[in-house]
2 protein chains.
Amino acid sequence: MKVTGDQALVKKINKSIILHTIRRHSPLSRARVSEMTGLNKATVSNLVAELCGQELVTEVGPGESSGGRKPLILNFNAMAGSVIGIELRVKQLTAVLCDLGGSILHESDFSLEAHELPYVLEQMRILISDLIAKAPATPYGIVGIGVGVPGMVDEQGVVLFAPNLGWEMVNLRALLEHEFSVPVTIDNEANAGAQGELNFGAARDVRHLLYISAGSGIGSGIIIGGELYKGARGYAGETGHMSIEAKGKPCSCGSRGCWELYASEKTYDNPGLTLPARTTPELVRYAANGQEDALRHFSFIGEYLGIGVTNLINSFNPELIVIGGALSEAEEWLGEPLRRVVAERTLPYHKQQLEITFSKLGSRGTMIGAGFSAVMHFLGNIRVTL
Amino acid sequence: MKVTGDQALVKKINKSIILHTIRRHSPLSRARVSEMTGLNKATVSNLVAELCGQELVTEVGPGESSGGRKPLILNFNAMAGSVIGIELRVKQLTAVLCDLGGSILHESDFSLEAHELPYVLEQMRILISDLIAKAPATPYGIVGIGVGVPGMVDEQGVVLFAPNLGWEMVNLRALLEHEFSVPVTIDNEANAGAQGELNFGAARDVRHLLYISAGSGIGSGIIIGGELYKGARGYAGETGHMSIEAKGKPCSCGSRGCWELYASEKTYDNPGLTLPARTTPELVRYAANGQEDALRHFSFIGEYLGIGVTNLINSFNPELIVIGGALSEAEEWLGEPLRRVVAERTLPYHKQQLEITFSKLGSRGTMIGAGFSAVMHFLGNIRVTL
DNA sequence: AGACTTTGTATATTGGTTAAACAAAGTTTT
DNA sequence: AAAACTTTGTTTAACCAATATACAAAGTCT
């Protein structure tokens, strides 16, 4: 967007700085905020007064003195409003009601039996209405809805392509905004998961994060400089279709040797495989009991995850890699082979600084991240780069 | 960096907007600048007066009337100063003296016979001093030196690792700044090439660009949102070591099946290969004469370039891909197999919007890009994102 | 010749940050 | 306990950049 500088912009920038400082570091006194941001005490006082008037910040009373007048403690008012975060999965619709701080207030889900748009939309409508009914009375009420979907999404919230749902060009944002009259944000499932882990999970305050969602396929959420990178038309991160065997198995995408053919739940159907089960939760149970076939297969997946992860490390050079998605529940058996292969194959300079973790938010990561997108859309965020 | 808003910031932002608008679109009248930027006519007048005082903008006289008073035409003063851009190659040192608009004023080079730091540094010193002596008299003189090196560089201008030179942890920026007392910027060779093509070559005004430098190895320059992405510690884009054959040939990096083993000049030494020559320029000559082995080998490289490019498309979803480096001179024979493989293997939605081109600046791209980094460092660039 | 257009400047106003003084409320020293 | 010092937060006056508005300058069109 075309932005020029004037006093209104200055005020917006400083107010945003103060709001997010308090959001992330409260409880805090005005004096601390002034120190942390570098803004003048008077400026902080004025803008905090406005934020209090907007009920986004609350004054909770005097704190401990450190040799002078007691500070007046400020808090981010997470209960100024609430958001709904939804994850649309192939077989299930899961949703949470969160406050502005990402805490879950209510949770509910629904099993999907088909993927026709009208049917799915109707179930979303019911789920959302249900959560809206349960929302506590807050100054702003429901300030937004965030949805994570298993497919490519453009910047206008149109689901361009979701192969597992059979969707193409579905303007989900417009449909939901029309229905509920609140701002709706639509994100790719992996992108939402990345946001969740970045803000509330295993990757707090990481600047360059790679989130790998390994489940029925593989998708990646790429955080660059603390911000989600979506690519030219909204579908960066389709790393599941990165070829790791140039002349390997043909994939439905038209290519060959795609990563997700070797390192996702898609491998459960490989011919000639003896497996005691065909779903991750069941296989996890078998592996926990020492079942050989399950152990061997997780080791296989772990190694191939490592090969793809190495490729991504060489391209993106992230600080941290978080493995999420359904397969993250097999952390116990995937972790060793994955880390071993990465250690074997990465350049020496990459190894030094890199960490690999598994999701902290588990199956809730995507919902929480989707909800957080809605929160940020409500609060706004403005930054200056030079 | 910690930036807060005040009036000085507002002025900086607007002055930067105006300067870069004139730099990229001049000749221009004050009225046109006001229209294009959305800034008030008076604001434009004031800041343009300052820029004229700084000699960064010049008033060249009246232009054509469009039914009213004649406009006073402004120009970006590319001759306010000059920069030096250098490419450090394995066998050669090439350098240009450019004005602030990227036009080449002088050019010179030197054949390297060794890679010891003192020797290389001494040759750079001679080359730079020579160009400085040839620099025209300008208000600001030499405002910076930009260097493109074949290796990983961190944000402080330290060459972390340059395998082809045998360099490790060389603080090249400090060394050159100490020698010449002007700001020095150090960039990876592929990153500099990407900057060159983005600003003066085949990729003008592209927002998300992937520049592939294919020569003795493969490196990538990644432009995201019009800006260079360098990764967490400065070495993103090492895509040559992306594995495209999970269990393929072992690579010196410790991994297996690395892309550059199949799609760079490294293939010239493959065992069992009958080639009439072992350098790209010579092979290009043979291919032009229809020599079978050369044609077959370029076709092989083109196909494998396509496989790796497809992987990068799936990860970065760029608008444009530019192939540069020594191999770009074989465009005539690489283009068809490359585009064919990419078309076969990419997801349908990626094909629609994607273009693949070859470098426009040729062997000068990296130098010009490196010089441009120095120009931008001198002019400054400040932006607001919301 | 007169009406209209376009360009660029001058003037008064607005509204934000800031430094400095100040008031309020505490702790430490004497 | 009084005096001195500290810390917090507010008030005041000054500053300064952008803006709207009016205006001057220099052209075109009828």
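These numbers were taken from a predicted model, which means no experiment stands behind them. Per chain, numbering begins at 1; letters A, B, ... match sequence-line order.
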Original post:
Can you pull the side-chain hydrogen bond (donor to acceptor under 3.5 Å, both in side chains) pairs that have at least one residue in residues 371-386 of chain A, sequence neighbours excluded?
Top reply: A:D187-A:S373, A:E227-A:R383, A:R383-B:T385, A:T385-B:R383
Original post:
With no hydrogens and no angle check, do the side chains of A:Q54 and A:K15 hold a donor and an acceptor under 3.5 Å apart?
Top reply: yes
Subject >> Donor-acceptor contact below 3.5 Å, side chain A:S34 vs main chain A:L39 >> reply: yes
Subject >> Rounded distance (Å) that lies between atom P of D:dG9 and atom CZ of A:R32 >> reply: 12 Å
Original post:
For A:N171, what residues pass the side chain to side chain contact (heavy atoms under 4.5 Å, CB included) criterion, not counting sequence neighbours?
Top reply: A:V158, A:R173, A:A174
Original post:
How does each nucleotide of nucleotides 25-30 of chain C score, in 5' to 3' order, for protein heavy atoms under 4.0 Å: base (B), sugar-phosphate only (S), or none (-)?
Top reply: BBS---
Subject >> Partners passing side-chain hydrogen bond (donor to acceptor under 3.5 Å, both in side chains) against A:T21 (at least two apart in sequence or in another chain) >> reply: none
Original post:
Would you say A:E197's side chain and A:A202's backbone share a donor-acceptor pair under 3.5 angstrom?
Top reply: yes
**OP:** Nearest whole angstrom, please: distance from the C1' of D:dG9 to the CG of A:L28.
**Re:** 15 Å
Original post:
Can you tell me how far CD1 of B:I223 sits from CG of B:N191, rounded to the nearest 0.5 angstrom?
Top reply: 7.5 Å
**OP:** Starting from P on D:dT28, measure out to CD on B:E64 and report it in whole angstrom.
**Re:** 9 Å
Original post:
How far does CD of A:Q195 sit from CZ of A:F200, to the nearest 0.5 angstrom?
Top reply: 9.5 Å
Subject >> N-O pairing of A:E35 and A:R30 below 4.0 Å >> reply: no
**OP:** Would you mind telling me which of C:dT7, C:dT17, D:dT8 lies closest to the side-chain atoms of A:P71?
**Re:** D:dT8
Original post:
How many Å lie between CG on B:L72 and C1' on D:dA26, as a whole number?
Top reply: 10 Å
**OP:** Quick one: label B:S29 by what it contacts on the DNA or RNA (base, sugar-phosphate, nothing), any heavy atom closer than 4.0 Å.
**Re:** sugar-phosphate
Subject >> B:I84 CD1 to B:L105 CG distance, which is reported to the nearest 0.5 Å >> reply: 10.5 Å
Subject >> Those residues of residues 7-20 of chain B lying under 4.0 Å from DNA chain D by at least one heavy atom >> reply: B:Q7, B:V10, B:K11, B:N14
Original post:
Between B:E35 (CD) and C:dG8 (P), how many Å, whole number?
Top reply: 11 Å
Original post:
Between A:G5 and A:N46, who's closer to the 5' end of DNA chain D by nearest nucleotide?
Top reply: A:N46
Subject >> Interatomic distance, B:I73 CD1 vs C:dT6 P [rounded to whole Å] >> reply: 15 Å
Could you list the protein-to-nucleotides 20-22 of chain D atom pairs, N/O on both sides, closer than 3.5 Å?
residue	atom	partner	partner atom	Å
D:dA20	OP2	B:N40	ND2	3.1
D:dA20	N7	B:N40	ND2	3.4

Original post:
Distance from B:T43 atom OG1 to A:D6 atom CG, nearest 0.5 Å?
Top reply: 9.5 Å
**OP:** Round to a whole Å and report the spacing from CG of A:L39 to P of C:dG16.
**Re:** 14 Å
